[in-house]
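Below, chain A is the first sequence line, B the second, and so on; all start at residue 1.
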Amino acid sequence: MADSRDACVVWFRRDLRLSDQPTLLAAADAAPRALALFVLDPRLLGPSGPARRTFLYGCLRELDAALGGKLLVVRGDPADVVPRIAKAVGAATVHIAADFGPYGRERDEVVEKSLAADGCELVRSGSPYAVAPGRVTKGDGGPFKVFTPFRRAWADHGWRAPAETGPRTVEWIDPADKDGGPRAVGIPDDEKVDAELPEPGEAAALRRWTEFLDGGVEDYGGTRDRPDKPGTSRMSVYLKYGCIHPRTILADLARQRSASAGTYRTEIAWREFYADVLHQRPDSARKNYDRAFDALPVASGKGAEERFAAWKEGRTGFPIVDAGMRQLREQAWMHNRVRMIVASFLVKDLHLPWWWGARYFMQLLVDGDLASNQHGWQWTAGSGTDASPYFRIFNPITQGERFDPDGDYVRRFVPELGGIPGKQVHQPWKLQDGIPDGYPEPIVDHKVEREEALARYERVKAARR
DNA sequence: ACATAGTTTCT
DNA sequence: GAAACTATG
């Protein structure tokens, strides 16, 4: 329909890399020249704080440099902005590098309709998942609700090998040459971020991945649950922004034979599972996946707000919880084991709604991803897919002693406890000399609140009948 | 007597 | 996952 037009638009969205980028192949097939576009959409950024935005800007800066300074960055609603740009460059097709994945499909349709009015086609050629959400289904076509069967079907489904692409597959159009479209706003300046952020961009992602593959993956099974050790891959933030694609990771893992490589692959599968769940049930980003949990009485009012503030600021009096919450502020990141511990504490000890904690995580975590974050929380709360049973209530002391056995993690992030040697640091109220100055008493009695949580859960059971 | 390894129970 | 319970030496 538009063979006379020789240009297209490559709309970078969540896949901010150039290698292994099938969108570029699709674009090169469609037209010899392409305009590289990134839309700063306030809704795409979601409830992100300065850490996430600044990391994103770093990725954009690297991409722009790799494209010879030709990345067009505009602000606005894609449904309005994208068609105007497509028209300005005379594009017959707009190629999205990675669709939204689990959410925002309706919004894509709005853009699609708007483009179609100008005879321009929207082409989705990628996904930030090995298997796009919605593709792995049960025999009857229904979605999986339990992780393990999903993982098997997901592995059986398979995915293609990384694509051989480079930045020179198309000729990039200088955005200054286009007339009539929205004006470039450029990449915003970095915001003031107190946390120390990981290095943004594709090159950093590949460096980190190589480092993990060569050094850490063999120990992954043994040390991934140890917040006091650098045992995790730290790849989450790069996956979130598409600085690396999971299929690159999976292809490298397939060359390894170790059990640890299999464990790591399972973690990738969890990411894909939760994306699939959110795709099937977009409402589960805000509401209980299991609606029987709507009957769970949650704390509210002034007392709840005060407890929530203590949790956020890392002054609950439970060292492992406080260390985690302070790591979150210092690094815009928290070790996954500790995420589970602080989440369990918020839900089961403080009886606060899981979505309070989930929203706070999304604001601060540099790797915050809606699907993984919300469903990770729902897993802990017991309201999610294949969730942990509600009676699984983490004991913050036992968890601390088991996963931070020498107390190094706590001392690193809670300086008030810096002088207490060994694992005693997990129970400062038992010290002979009393709790060190400046460190709070426990704000709740875990044993009491555990019983309270179980009692509240009876309401959920009743609601199911 | 008592520590502890193993088992059951809990939506 | 943790607590209560049971068996064992």
Side-chain angles (χ1 to χ4, degrees), chain A residues 144-150 221-228 231-232 263 266-267 270 273-274 277 281 284 287-299 311 316-325 334-355 357-358 374-405 407 409-410 423-427 429-430 442-465:
Chain A
F144 282 96
K145 294 180 176 147
V146 179
F147 173 68
T148 305
F150 172 89
T223 56
R224 71 197 185 101
D225 268 330
R226 289 289 297 273
D228 55 332
T232 63
T263 305
T266 299
E267 297 305 314
W270 272 107
F273 176 58
Y274 282 150
V277 174
R281 285 277 308 276
S284 64
K287 294 174 177 165
N288 289 317
Y289 178 88
D290 176 357
R291 298 308 293 270
F293 270 77
D294 293 355
L296 184 79
V298 290
W311 179 82
T316 67
F318 289 88
I320 190 78
V321 174
D322 295 340
M325 298 309 294
M334 196 193 302
H335 188 282
N336 185 57
R337 166 57 52 181
V338 189
R339 291 187 199 194
M340 292 193 274
I341 298 171
V342 303
S344 179
F345 189 81
L346 179 117
V347 171
K348 315 250 169 109
D349 285 84
L350 303 182
H351 319 296
L352 297 173
W354 63 260
W355 50 92
Q374 309 307 85
H375 281 283
W377 274 91
Q378 294 222 44
W379 182 88
T380 301
S383 62
T385 335
D386 201 12
S388 89
Y390 194 77
F391 50 77
R392 183 182 290 172
I393 297 168
F394 282 22
N395 179 325
I397 301 147
T398 324
Q399 290 281 317
E401 288 174 346
R402 183 180 308 164
F403 296 110
D404 180 29
Y409 176 76
V410 164
K423 73 169 190 180
Q424 297 178 74
V425 79
H426 291 295
Q427 296 188 76
W429 55 88
K430 281 197 176 169
I443 58 168
V444 292
D445 180 335
H446 173 68
K447 216 177 154 199
V448 171
E449 302 307 336
R450 176 178 185 278
E451 290 305 318
E452 173 65 21
L454 292 172
R456 287 175 185 235
Y457 183 67
E458 292 299 317
R459 304 285 285 272
V460 178
K461 281 200 301 190
R464 250 196 263 281
R465 287 194 264 272

Enquirer: According to ring pair (Phe, Tyr, Trp, His ring centres under 6.0 Å), who are the partners of A:H426, at least two apart in sequence or on a separate chain?
Expert: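 Partners of A:H426 by the ring pair (Phe, Tyr, Trp, His ring centres under 6.0 Å) criterion come out as none, since no residue qualifies.
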Enquirer: Apply side chain to side chain donor-acceptor pair (under 3.5 Å) to A:T398 and list each qualifying residue two or more places apart in sequence or on a separate chain.
Expert: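 Partners of A:T398 under the side chain to side chain donor-acceptor pair (under 3.5 Å) test: A:N395.
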Enquirer: List for me each residue that meets side chain to side chain donor-acceptor pair (under 3.5 Å) alongside A:R450, sequence neighbours excluded, and say none if there are none.
Expert: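 By the side chain to side chain donor-acceptor pair (under 3.5 Å) rule, A:R450 matches no residue at all.
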Enquirer: Any N/O pairs under 3.5 Å between the protein and nucleotides 1-4 of chain C? List them or say none.
Expert:
{"from": "C:dG1", "atom 1": "O3'", "to": "A:Q399", "atom 2": "NE2", "distance (Å)": "3.4"}
{"from": "C:dA2", "atom 1": "OP1", "to": "A:N395", "atom 2": "N", "distance (Å)": "3.0"}
{"from": "C:dA2", "atom 1": "OP1", "to": "A:Q399", "atom 2": "NE2", "distance (Å)": "3.3"}
{"from": "C:dA2", "atom 1": "OP2", "to": "A:R402", "atom 2": "NH2", "distance (Å)": "3.1"}

Enquirer: Quick one: salt bridge (Lys or Arg N to Asp or Glu O under 4.0 Å) pairs with a partner in residues 336-350 of chain A, sequence neighbours left out?
Expert: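 Passing the test, one end in residues 336-350 of chain A: A:D225-A:R337, A:R339-A:D367.
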Enquirer: Could I get a table of every N or O pair under 3.5 Å where one atom is in the protein and the other is in nucleotides 5-9 of chain B?
Expert:
none

Enquirer: Sequence neighbours excluded, which residues qualify as side chain to side chain donor-acceptor pair (under 3.5 Å) partners of A:K430?
Expert: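 So A:K430 forms a side chain to side chain donor-acceptor pair (under 3.5 Å) with A:Q427.
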Enquirer: Please identify each residue that fulfils side chain to side chain donor-acceptor pair (under 3.5 Å) with A:N336, with sequence neighbours left out.
Expert: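 In terms of side chain to side chain donor-acceptor pair (under 3.5 Å), with neighbours along the sequence ignored, A:N336 is linked to no residue.
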Enquirer: Sort and list the pairs that fulfil salt bridge (Lys or Arg N to Asp or Glu O under 4.0 Å) and have at least one residue in residues 384-403 of chain A, not counting sequence neighbours.
Expert: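 Salt bridge (Lys or Arg N to Asp or Glu O under 4.0 Å) check on residues 384-403 of chain A returns no pairs.
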Enquirer: Scan residues 452-460 of chain A against DNA chain B and write down, sorted by residue number, each residue with any heavy atom closer than 4.0 Å; if none is found, say none.
Expert: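 Per residue number, the list reads A:Y457, A:E458.
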Enquirer: Holding to ring pair (Phe, Tyr, Trp, His ring centres under 6.0 Å), I want the full list of residues that pass it with A:F403, two or more places apart in sequence or in another chain.
Expert: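 Ring pair (Phe, Tyr, Trp, His ring centres under 6.0 Å) check on A:F403 returns nothing, list empty.
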Enquirer: Among all residues two or more places apart in sequence or in another chain, which pass the ring pair (Phe, Tyr, Trp, His ring centres under 6.0 Å) test with A:Y289?
Expert: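 With sequence neighbours excluded, A:Y289 shows a ring pair (Phe, Tyr, Trp, His ring centres under 6.0 Å) to no residue whatsoever.
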